[in-house]
K.L.:
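Can you read through this structure? Questions will come right after.
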Amino acid sequence: ETTAAIKVQAAWRRVRTQIHLDRAGISTPGMRNRQRQRNARQKARMRANAEDVPFPFNMCGMGLLFGDATLEDQTVIDDMERRKLRKEKEQFEMEEERRRKFRMRKKSSGNIEEEIEVVDY
């Protein structure tokens with residue numbers, strides 16, 4: 001319980017600090033890198049959708065016939081990626097749970113077997 005409370009408190013402090021820095025207009029290199037990565041990913045999605053249709057058809061409603069500008073394809077792809085990541089995370093968590101499962105060690109019994117052999121000459 002204590003460990004969980006500490007993790008929650010740390011997460012809250014991190015989020016609160018990020019909000020404070022955003023409002024002040026201050027950013028760390030990590031924050032800028034994440035923002036650049038998000039922007040690049042969004043631009044790549046839009047570029048991929050725009051390239052589905054040849055240029056002349058891109059300027060008129062013809063592009064809608066090919067699914068351009070509707071973001072249907074990208075939505076499906078994003079959904080598939082989310083499901084894949086969720087499945088991988090669940091498998092990882094199940095494996096971790098299996099590894100951390102408490103197992104009683106088998107103790108050796110306290111019984112000692114003794115045998116005496118009598119040899120006559």
K.L.:
Say you draw a straight line from CE of Met80 to CZ of Arg82; how long is it, rounded to the nearest 0.5 Å?
P.N.:
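With rounding to 0.5 Å, CE (Met80) is 12.0 Å from CZ (Arg82).
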K.L.:
Quick one: side chain to side chain donor-acceptor pair (under 3.5 Å) partners of Thr28, sequence neighbours excluded?
P.N.:
none
K.L.:
Sequence neighbours excluded, which residues qualify as side chain to side chain donor-acceptor pair (under 3.5 Å) partners of Arg83?
P.N.:
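For Arg83 the side chain to side chain donor-acceptor pair (under 3.5 Å) partners, ignoring immediate neighbours, are Asp79.
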K.L.:
Kindly indicate whether the side chain of Arg38, heavy atoms from C-beta on, has any atom under 4.5 Å from the side chain of Gln42.
P.N.:
no
K.L.:
For Arg36 and Asn39, does a side-chain donor sit closer than 3.5 Å to a side-chain acceptor?
P.N.:
no
K.L.:
For Glu97, does the CD atom sit with more than 12 other heavy atoms under 6.0 Å from it, leaving out its own atoms?
P.N.:
no
K.L.:
Distance from Lys89 atom NZ to Glu93 atom CD, nearest 0.5 Å?
P.N.:
5.5 Å
K.L.:
Return the CZ to CD distance between Arg86 and Glu90, rounded to the nearest 0.5 Å.
P.N.:
7.0 Å
K.L.:
State which residues pass salt bridge (Lys or Arg N to Asp or Glu O under 4.0 Å) with Glu95; sequence neighbours excluded, sorted by chain then number.
P.N.:
Arg98, Arg99
K.L.:
Could you list the donor-acceptor pairs under 3.5 angstrom formed by side chains in residues 5-26, with sequence neighbours left out?
P.N.:
unit_1, atom_1, unit_2, atom_2, d
Thr17, OG1, Arg13, O, 2.8

K.L.:
Which other residues belong to the hydrophobic cluster containing Phe92, where Ile, Leu, Val, Met, Phe, Trp and Tyr are joined when side-chain heavy atoms lie under 4.5 Å apart, directly or via other members?
P.N.:
none
K.L.:
Please name all residues satisfying salt bridge (Lys or Arg N to Asp or Glu O under 4.0 Å) with Arg100, sequence neighbours left out, ordered by chain then number.
P.N.:
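Testing Arg100 for salt bridge (Lys or Arg N to Asp or Glu O under 4.0 Å), a comparison that skips the adjacent residues, returns Glu96.
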